[in-house]
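Fair warning: this is a prediction, and the values are worked out from it, not measured in the lab. All heavy atoms count here, side chains included; hydrogens, waters and symmetry mates do not. A note on names: the letters A, B, ... follow the listed sequences, proteins ahead of strands, and every chain is numbered from 1.
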Number of protein chains: 2
Amino acid sequence: MREFKRKSRVLLIDDNADHLRGVKELITLESSYDVVGATTSANIGINLAKKYRPDIILMDINMPEKDGLQAIQEIEKLDMDIRVIALSGYDDADLIFRAMKLGAKGYVLKTMASAQLIYAMDEVASGKIYLPTALTSRFFEYFQRSFREEAATTEENLLTYLTAREEEVLDLLTQGNNYKGIAGKLFISETTVKTHVNNIFQKLQVNDRTQAVLYALNNGFAGRRRSKMAV
Amino acid sequence: MREFKRKSRVLLIDDNADHLRGVKELITLESSYDVVGATTSANIGINLAKKYRPDIILMDINMPEKDGLQAIQEIEKLDMDIRVIALSGYDDADLIFRAMKLGAKGYVLKTMASAQLIYAMDEVASGKIYLPTALTSRFFEYFQRSFREEAATTEENLLTYLTAREEEVLDLLTQGNNYKGIAGKLFISETTVKTHVNNIFQKLQVNDRTQAVLYALNNGFAGRRRSKMAV
DNA sequence: CGATATATCAATCCAAAGATGTAAGACAAA
DNA sequence: TTTGTCTTACATCTTTGGATTGATATATCG
């Protein structure tokens, strides 16, 4: 089956013309890839991508004119099943993290052996996501650090002092309910809700419902709302 | 230098006694590791960890009594530089994601060759984070999917209708300020703030400040507050 | 058993928040 | 210049929210 697979079509985007030429030659030597375009401009590259619908894009992400990361984002938005491999001169954890977050299917250093680039392309062409082991380690260090910081602040958590009922009330607060709404949903009177809410304020050491909601969300109160990580 | 390195101390936690014994034998055969403990109970394991301070823990994460993930979390909280490698029978993306998020330094399938387990231990002992390539791919698929969904919902965003000043006001709202606080910080009168806030309510189609804040936080309003991903 | 914690409800009272309408000055685009 | 948007500001009125005090019923725990 493998020998009948059609060649994968590759688009190259790299503002360094020399490097662009080098990579192009390297890939053209590989019988399993066709270079359908090569440009030093991210914007032109995006247009070429729309036009030629390559299978894979090798994208330099350290470009002055337009940020390669932004270009990745725009290409992903097209939702055309174009797989982007980020090329970079730096093994900066933050860069790796952001590239992968934006949907890059691989991240390869320019200093790496050409065999590794081809291997990455093979893996990505077959639908996998490829990160060199060393970069995977870096990625995870960054990834875990961002959660360790969270965990640290979650240590002493005023939320633990809330009773079960108070948690229910707080949960409804974090959904934007007012007293009447909460009372209706819990089948209790509005004044009872007021009592609970006031007790919550005392325990969380806040002055109003907005602050209570913010405290809850910033301190691991799930509230069935999925959240995010800043880019 | 390598031959002078002291043996790494390993603690095994696996509720399956047979598997526990097998792994113990396997590791004892390796000259570079000492098994300092082996237990079928997560709780006992945590206590052993405190007592013997192993370098590495191999932790089964599919245990009925106590969740292995929770055990990882507790061990990480100890902050004793104990490196946990998750052992699991399943290559479930969500399990991998949560284990790594909680600080596991590796994730190895029980079905994998023993050589791979030893390799993972070698890598982790040397300070790296190790995930088999296949699992790395799974992890990233999960990782990227969680962001794609975000991007999708952020498409049509009522926040874009806000003026610059309104965004400033909303930002202060998401920090728990009341009218007086916002007026003071922006050097404008309280009535002006009221005007802005009311306009914000109209544009975001909400009824009160809490709902406005929730809308902002759930729709990519950065608000200089780092956020999280639910476990 | 008595002490304590929780959940329920009510009556006040004051402050804060929200709705609505109006309007003036700045500024940019048509 | 005119038009429109944005920012500022005020007055008025209604509703909601928050603080406080006190009361009752029901568990749970020692």
Any non-hydrogen side-chain atom of B:Ile61 less than 4.5 Å from a side-chain atom of B:Ser88? yes
Return the residues of residues 194-204 of chain B meeting this criterion: a heavy atom under 4.0 Å from some atom of DNA chain D. Order them by number, or give none. B:Thr195, B:His196
In whole angstrom, what separates A:Gln211's CD from D:dG17's P? 16 Å
Whole angstrom value for the distance that separates P of D:dT15 from CG of A:Asn178: 14 Å
In whole angstrom, what separates B:Glu168's CD from D:dC6's C1'? 13 Å
Those residues at least two apart in sequence (or on a different chain) that pass salt bridge (Lys or Arg N to Asp or Glu O under 4.0 Å) with A:Arg21 are A:Asp18
Considering every strand and a 4.0 Å limit on heavy-atom distances, what is the contact class for A:Thr191: base, sugar-phosphate, or nothing? base
Please give the angle, rounded to 10 degrees, between the axes at the start and the end of the helix from C:dC1-D:dG30 to C:dA30-D:dT1, where five pairs define each axis. 50°
Which residue pairs satisfy the side-chain hydrogen bond (donor to acceptor under 3.5 Å, both in side chains) criterion with at least one member in residues 177-189 of chain A, sequence neighbours excluded? A:Asn177-A:Lys185, A:Ser189-A:Thr191, A:Ser189-A:Thr192
Give each protein N/O atom lying under 3.5 Å from an N/O atom of nucleotides 27-30 of chain D, with the pair distance.
none

For A:Thr192, answer base if it contacts any base atom (sugar-phosphate contacts may also be present), sugar-phosphate if it contacts only those atoms, and nothing otherwise; contact means non-hydrogen atoms under 4.0 Å. base
Atom pair distance, as rounded to whole Å: OH in B:Tyr179 and P in D:dC10: 15 Å
How long is the line joining CD1 of B:Ile182 and P of D:dT7, in whole Å? 15 Å
From the 5' end of DNA chain C to its 3' end, which nucleotides mark the outer limits of contact with chain A, defined by a 4.0 Å heavy-atom distance cut-off (strictly under)? C:dT6 to C:dA10
Take atom CD of B:Glu167 and atom C1' of D:dC6, then tell me their distance rounded to the nearest Å. 14 Å
Sequence neighbours excluded, which residues qualify as side-chain hydrogen bond (donor to acceptor under 3.5 Å, both in side chains) partners of B:Glu168? B:Arg165
Tell me the interatomic distance from B:Glu190, atom CD, to D:dC10, atom P, rounded to whole angstroms. 11 Å
What is the nucleic acid contact for B:Ser189, judged by heavy atoms within less than 4.0 Å: base, sugar-phosphate only, or nothing? sugar-phosphate
Here's a test of your reading of the structure: between B:Phe187 and B:Asp208, which maps to the more 5' nucleotide of DNA chain D? B:Phe187
ring-ring contact (aromatic ring centres under 6.0 Å, His included) partners of B:Tyr107, counting only residues at least two apart: none
Can you list everything that forms a ring-ring contact (aromatic ring centres under 6.0 Å, His included) with B:Tyr52? Sequence neighbours excluded, please. none
Hits for salt bridge (Lys or Arg N to Asp or Glu O under 4.0 Å) against A:Lys203, two or more places apart or cross-chain, chain-then-number order -> A:Glu166
Below 4.5 Å, heavy atoms only, C-beta onward: do B:Lys101 and A:Gln144 meet side chain to side chain? no
Can you check whether B:Phe140 and B:Phe97 have ring centres sitting under 6.0 Å from each other? no
Any heavy-atom pair between the side chains of A:Leu204 and A:Gln211 that's under 4.5 Å? no
Nearest-Å distance for atom pair CG/C1', residues B:Leu162 and D:dT5: 15 Å
B:Arg83 bridged to B:Asp81 by N-O distance under 4.0 Å: yes
Partner residues of B:Tyr90 under the ring-ring contact (aromatic ring centres under 6.0 Å, His included) criterion, sequence neighbours left out: none
Applying salt bridge (Lys or Arg N to Asp or Glu O under 4.0 Å) to B:Lys110 and not counting sequence neighbours gives B:Asp14, B:Asp60
Looking only at heavy atoms, what is the nearest atom pair of A:Ala212 and A:Leu170, with distance? O-CD1, 4.2 Å
